[in-house]
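Note sheet for the following structure.
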Amino acid sequence: IIEIYFPMNLKLLSTFVTTSLVSLSPLTINSANADEFKKGFYSSYSLGAGTYSDLLLGGTILSLPFDYGFSYEAGFGYDFGKTFRTELSYTNTTSSISTGNQAKFGSFMFNGYFDFPLDSKWAPFVGAGIGTTNVDATNLCTAGGTDDCKDNVSTYAISGGINYALNDKTEITTKITYLGFGDIDVTDDGATLRVTDSETLSYRVGLTFKF
């Protein structure tokens with residue numbers, strides 16, 4: 001088995017989390033009446049860009065870094081009022097190399113989010129989730145031979161962002177999401193490749209509709 005390693009690209013995520021923690025200081029959170037935050041179901045839809053880890057082989061970065069590609073997410077959740085909500089979501093990110101060959105990552109996730117309303121309009125949030133991802137690297141594999149370039153792998157999520165209320169039923173959401181994957185096993189031209197420590201990082205903007 002040939003093992004392919006990817007670096008953990010967490011610099012931007014770390015910066016975001018640090019900023020979020022500062023924003024969550026008790027000095028910045030408005031003591032709004034809990035009655036203003038209603039419980040109920042909601043759906044969310046967002047579009048943006050995401051990228052897969054840059055490729056490493058034997059500790060050396062290959063000349064095939066992955067670029068940002070189209071990313072989207074759709075979710076359905078329940079808001080327990082003011083500070084906590086849960087959500088089932090599907091995310092999809094396409095990331096390509098310089099030749100145009102691309103890999104696709106479709107993830108079904110169960111997420112939990114903590115909201116920290118600053119006032120009646122702005123509410124930063126952080127979240128985490130678990131799920132599974134279908135990795136489709138068919139377009140990256142060598143044509144011909146014995147190939148099996150798809151795999152389903154366990155996935156965890158770390159995310160954060162901010163919501164802005166347009167009215168009592170609609171919010172604009174901006175979010176950064178990091179997805180970390182378990183080992184990915186594919187067969188390319190008869191050779192088994194194992195991808196470890198890989199991830200996607202995506203940035204999306206969308207709308208949330210409360211029922």
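No hydrogens, no waters, no symmetry mates; every other heavy atom, side chains included, goes into these values. Just so you know, these numbers come straight off a predicted model, no measurement behind them.
Cluster membership check: Ile130 does not share its hydrophobic cluster with Leu179, using side-chain heavy-atom separations under 4.5 Å among Ile, Leu, Val, Met, Phe, Trp and Tyr. Hydrophobic clustering (ILVMFWY, side-chain heavy atoms < 4.5 Å, transitive): Trp122 and Leu207 are in one cluster.
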Problem set entry | Residues Phe211, Ser43; criterion side chain to side chain contact (heavy atoms under 4.5 Å, CB included); working and verdict | CA-CA 8 Å; Phe211 302 147; Ser43 62; 3.8 Å; yes
Exercise. Please walk me through it: do Leu201 and Ile176 pass side chain to side chain contact (heavy atoms under 4.5 Å, CB included)?
Worked result: CA-CA 7 Å; Leu201 186 64; Ile176 300 174; 4.0 Å; yes
For this session: Decide side-chain hydrogen bond (donor to acceptor under 3.5 Å, both in side chains) for Thr173 and Asn163; before the verdict, give the C-alpha distance in whole Å, the side-chain angles of both, and the deciding distance to 0.1 Å.
Result: CA-CA 5 Å; Thr173 298; Asn163 290 324; 2.6 Å; yes
For this session: Assess whether side-chain hydrogen bond (donor to acceptor under 3.5 Å, both in side chains) is satisfied between Asp185 and Thr192, documenting all intermediate values.
Result: CA-CA 7 Å; Asp185 292 316; Thr192 300; over 6 Å; no
For this session: Show the numbers, then the answer: is there a side chain to side chain contact (heavy atoms under 4.5 Å, CB included) between Tyr42 and Arg85?
Result: CA-CA 10 Å; Tyr42 69 89; Arg85 53 194 167 89; 3.2 Å; yes
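Considering OG1 of Thr208 and OH of Tyr164, their distance stands at 14.5 Å, rounded to 0.5 Å. Of the inter-residue distances, the one linking Ile184 atom CD1 with Ser154 atom OG reads 9.5 Å to the nearest 0.5 angstrom.
Between Gln102 and Phe66, every side-chain heavy-atom pair lies at or beyond the 4.5 Å cut-off. Looking only at side-chain heavy atoms (C-beta outward), Val186 and Asp148 stay at 4.5 Å or farther from each other. The shortest side-chain heavy-atom distance between Glu87 and Met109 does not fall under the 4.5 Å cut-off. Put simply, the side chain of Thr174 does not reach to within 4.5 Å of the side chain of Tyr203, judged on heavy atoms. Looking at heavy atoms from C-beta onward, Lys150 lies in side-chain contact with Thr138 at the 4.5 angstrom threshold. Thr132 has its side chain out of reach of Val153: every pair of non-hydrogen atoms, C-beta onward, lies at least 4.5 Å apart. A 4.5 Å side-chain heavy-atom check between Phe181 and Asp183 finds every atom pair outside the cut-off. Side chains of Val135 and Asn152 form no contact here, defined as non-hydrogen atoms less than 4.5 Å apart.
Take Lys104 and apply the salt bridge (Lys or Arg N to Asp or Glu O under 4.0 Å) test, not counting sequence neighbours, and it matches no residue. Scanning for ring-ring contact (aromatic ring centres under 6.0 Å, His included) contacts around Phe41 gives Phe76, Tyr78, with sequence neighbours left out.
Note: Phe114 and Phe84 have tilted aromatic rings, judged against thresholds of 30 and 60 degrees for the angle between ring planes. The aromatic rings of Phe108 and Tyr90 lie tilted to each other, with the angle between the two planes from 30° to 60°.
The heavy-atom pair separating Ile162 from Phe125 by the smallest distance is N-CE2, 3.3 Å. Nearest heavy-atom pair across Asn139 and Asn101 is O-ND2, 2.7 Å. Taking each heavy atom of Asn92 and Gly106 in turn, the nearest pair found is ND2-CA, 4.0 Å. Residues Thr133 and Ser107 approach most closely at OG1-OG, 2.6 Å, considering heavy atoms. Of all heavy-atom pairs spanning Pro124 and Leu118, the tightest one is CD-CG, 3.7 Å. Shortest non-hydrogen contact noted between Cys149 and Thr187 is SG-O, 3.5 Å.
If you check the side chains of Ser53 and Glu199, you find a donor sitting under 3.5 Å from an acceptor. Using a 3.5 Å distance cut-off with no hydrogens or angles, the side chains of Tyr113 and Lys175 do pair a donor with an acceptor. Counted by atom type alone, Asn111 and Thr86 present zero donor-acceptor pairs between their side chains at under 3.5 Å.
Between the side chain of Asp115 and the backbone N or O of Pro117, no donor-acceptor pair lies under 3.5 Å.
Between Phe105 and Tyr52, the gap from one ring centroid to the other is short of 6.0 Å. Ring centroids of Tyr45 and Tyr72 are separated by 6.0 Å or more, keeping the two rings apart.
Each of Ser46, Ser159, Ser71 was compared with Arg204 under the side-chain hydrogen bond (donor to acceptor under 3.5 Å, both in side chains) criterion, and only Ser71 meets it.
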